K.L.:
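Before I ask anything, here is the structure I am working with.
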Protein chains: 2
Amino acid sequence: MPAPNPPTPGLTPEPSTPDGLPLAEAASPEAGLPPTPAFSPLYQQIKTLILRSLQAGEWKPGDMIPSEFELAARFRVSQGTVRKAIDELATDNLLVRRQGKGTFVATHAEQHVQFRFLRLLPDAGTRDSQGPAERRIIECRRLRAPAEVARQLSLRTGDAVIQVRRVLAFEGTPAILEDLWLPGTPFKGLTQETLAGDMGPMYALFETAFGVRMVRAQEKLKAVAADADAASLLGIQPGHPLLSVERLAFTYNDVPMELRRGLYRTETRHYFNELS
Amino acid sequence: MPAPNPPTPGLTPEPSTPDGLPLAEAASPEAGLPPTPAFSPLYQQIKTLILRSLQAGEWKPGDMIPSEFELAARFRVSQGTVRKAIDELATDNLLVRRQGKGTFVATHAEQHVQFRFLRLLPDAGTRDSQGPAERRIIECRRLRAPAEVARQLSLRTGDAVIQVRRVLAFEGTPAILEDLWLPGTPFKGLTQETLAGDMGPMYALFETAFGVRMVRAQEKLKAVAADADAASLLGIQPGHPLLSVERLAFTYNDVPMELRRGLYRTETRHYFNELS
DNA sequence: TAGTGGTCTAGACCACAAT
DNA sequence: TTGTGGTCTAGACCACTAC
């Protein structure tokens, strides 16, 4: 017989969650001072717990997570509730459902979603109608974070960061010049050789080599004129219009993990965006 | 007593749907030739029916639609199934749910979602920290569609279209030069006076004056150099880098209804985008 | 055949808004 | 108090995948 409702569900003992249980209410069950709107639906709390396991690395990118029924038993809720939690995580591209197989931790290594964050497309044809991007690492060095870089990466000025500069070309024509800044600690050991010896998306390498999964990003676009440096690397005249794309990418929990500044040539390509 | 499953639900007589009923299967129940994957879940079919009512104008932007239970009765399905259909329509920004009140047809007239499609933000501060955009209509004329415009709007070359050119300024400084092309038939009667006399978002005007609701759009961005014309209207030097934003906007059912080409000044503003 | 996600139902109760 | 959407449950059956 179903208990009325919220049966104050329990949770099987977890490493980092001694007892921690989804609480329907937050604080102040009586003290009516702050009109605490602190109420969170069960499925949201389940979502948080799953997210915590993802962060903790309990399931790695590409792994299959436990079935909906297993998770339901573990969290002591119904399958439908787990389902709704997973639904939202799948919508956020953190998990991928595959009917008949299971639910998997999303990864940048899949063929299907490669370059999910690269929005530069050829004006004619599809992304695949041109060959793969040719990559050339210009430099890769450790340095102390300038103030602005530190601010955006939530570091302190002077903390160690790694800077990478590279050029991407399509069919021999340079198209993108990128500068990346990565926090030194999580990316300790990253060298030019690591990058050069790798095929596939850089974010896939970050997952396998450093356990850092990029989950979302925000970009700020401007039109700028090429300076001498950029012009020379991209094979254009100084003053030529370029699309400047400044990206801040985040891992789980909205932790910033990469600052990237790209300069795109857009004579035969464009940045594509869907609005809804 | 619940019938096993799909109880082949019925539908109350509808104007444009004499009997048409959600069919679980499509064609060829026996002819095993094409491995027709034509199967559509009930909630998808309900979604289509609701969409049809939206297109037909049964409920207009801002209207409240019938409650979930009413729709469930009308379509002869359970409330949960209607719920899932509405969920998806709400995710697509076609409907807006308001707890305790009802579900409403989304509109561009709401304060909250104004300029939903305008992604140009000030580098410092928020969108609201600057005054509202000042609008100046440069011209508004009827003409025969050039080939490229016709193609994108799914018209025939030479069909009547309306072209609008305007400049948007912030605090006295011109920031955006836009050219719009609209199909002549749905927008019959649109004049410079109509546009000039109107406050509020242009897409809100389109809803109230022409019954055209823009649902989604796609944009292609490039960096370009200002020509003499644009330079003069935007108060910059020719050759100055500008962000070119070419937008194709759609109503219900993916029907293209507007082609727009904007040139954005990005010295103190940027185009913002979220990736996930 | 077994296991997974996907769909659908029916019913209970909660949260929010208007009356 | 009533009506709306929001949450949660329990159980049935379907569709896809693998063995």
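Chain A is the first sequence line, chain B the second, and so forth, proteins listed ahead of strands; every chain is numbered from 1. As the structure is a computational prediction, the values presented were derived from the model and not from experiment.
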K.L.:
How close or far is atom C1' of dG5(D) from atom CG of Asp87(B), stated in whole angstroms?
P.N.:
10 Å

K.L.:
Between atom CD1 in Ile65(A) and atom C1' in dG3(C), what is the gap in whole Å?
P.N.:
15 Å

K.L.:
Does Arg98(A) make a side-chain N or O approach to OP1 or OP2 of dG5(C) shorter than 4.0 Å?
P.N.:
no

K.L.:
Roughly how many Å is it from NZ in Lys84(A) to C1' in dT7(C), rounded to a whole number?
P.N.:
16 Å

K.L.:
Are OP1 or OP2 of dG5(C) and a side-chain N or O of Arg83(A) less than 4.0 angstrom apart?
P.N.:
no

K.L.:
Mind checking if Tyr43(A) touches a base, just sugar-phosphate, or nothing, with heavy atoms under 4.0 Å?
P.N.:
sugar-phosphate

K.L.:
What's the closest nucleotide to the Leu42(A) side chain, out of dT4(C), dG6(C), dC8(D)?
P.N.:
dC8(D)

K.L.:
With a 4.0 Å cutoff (strictly under), does any side-chain N or O of Arg97(B) reach OP1 or OP2 of dG6(D)?
P.N.:
yes

K.L.:
Are the side chains of Leu248(B) and Leu153(B) in touch, meaning some heavy atoms are under 4.5 Å apart?
P.N.:
yes

K.L.:
Does the Gln45(A) side chain pair with the main chain of Ser40(A), one donor and one acceptor, at a distance under 3.5 Å?
P.N.:
yes

K.L.:
Checking Lys84(A) side chain against Thr81(A) main chain: does a donor-acceptor pair fall under 3.5 Å?
P.N.:
no

K.L.:
Examine distances only and state if a side-chain atom of Arg74(A) and a backbone atom of Pro66(A) form a donor-acceptor pair shorter than 3.5 Å.
P.N.:
no

K.L.:
When you measure from the side chain of His108(A) to the backbone N and O of Glu207(A), does any donor-acceptor pair fall under 3.5 Å?
P.N.:
no

K.L.:
Ignoring hydrogens and geometry, is there a side-chain-to-backbone donor-acceptor pair from Arg247(B) to Phe117(B) under 3.5 Å?
P.N.:
yes

K.L.:
With a cut-off of 6.0 Å (strictly less than), are more than 12 heavy atoms of other residues, nucleotides or ligands near CZ of Phe272(B)?
P.N.:
yes

K.L.:
Nearest whole Å is fine: how far is dA10(C) P from Arg76(B) CZ?
P.N.:
13 Å

K.L.:
Quick one: does Leu94(B)'s side chain get under 4.5 Å of Ile50(B)'s, heavy atoms only?
P.N.:
no

K.L.:
Enumerate the residues from residues 102-109 of chain B whose closest heavy atom to DNA chain D is under 4.0 Å, giving them by residue number; use none for an empty result.
P.N.:
Gly102(B), Thr103(B)

K.L.:
If you assign Phe69(B) and Gln79(A) each to the DNA chain D nucleotide with the nearest heavy atom, which residue ends up on the more 5' nucleotide?
P.N.:
Phe69(B)

K.L.:
Quickly work out the Lys47(A) NZ to dC8(D) P distance and round it to whole Å.
P.N.:
13 Å

K.L.:
Give a yes/no answer on whether the side chain of Thr81(B) brings an N or O atom under 4.0 Å of OP1 or OP2 in dT9(C).
P.N.:
yes

K.L.:
Compare the minimum distances between each of dT9(C), dT4(C), dC8(D) and the side chain of Ser78(B), then state the nucleotide with the smallest one.
P.N.:
dT9(C)

K.L.:
Taking only nitrogen or oxygen atoms into account, show me every contact under 3.5 Å that the protein makes with nucleotides 16-19 of chain D, one pair per line with its distance.
P.N.:
| from | atom 1 | to | atom 2 | distance (Å) |
| --- | --- | --- | --- | --- |
| dC16(D) | O4' | Gln99(A) | OE1 | 2.9 |

K.L.:
I need the CD-P distance between Glu68(A) and dC8(D), as an integer number of Å.
P.N.:
15 Å

K.L.:
Using whole Å, what does the distance between atom C1' of nucleotide dC8(C) and atom CD of Gln44(B) come to?
P.N.:
14 Å

K.L.:
Would you call Thr194(B) and Asp198(B) a side-chain contact if the rule is heavy atoms closer than 4.5 Å?
P.N.:
no

K.L.:
Just wondering, are more than 12 heavy atoms of other shown residues or ligands nearer than 6.0 Å to CZ in Phe115(B)?
P.N.:
yes

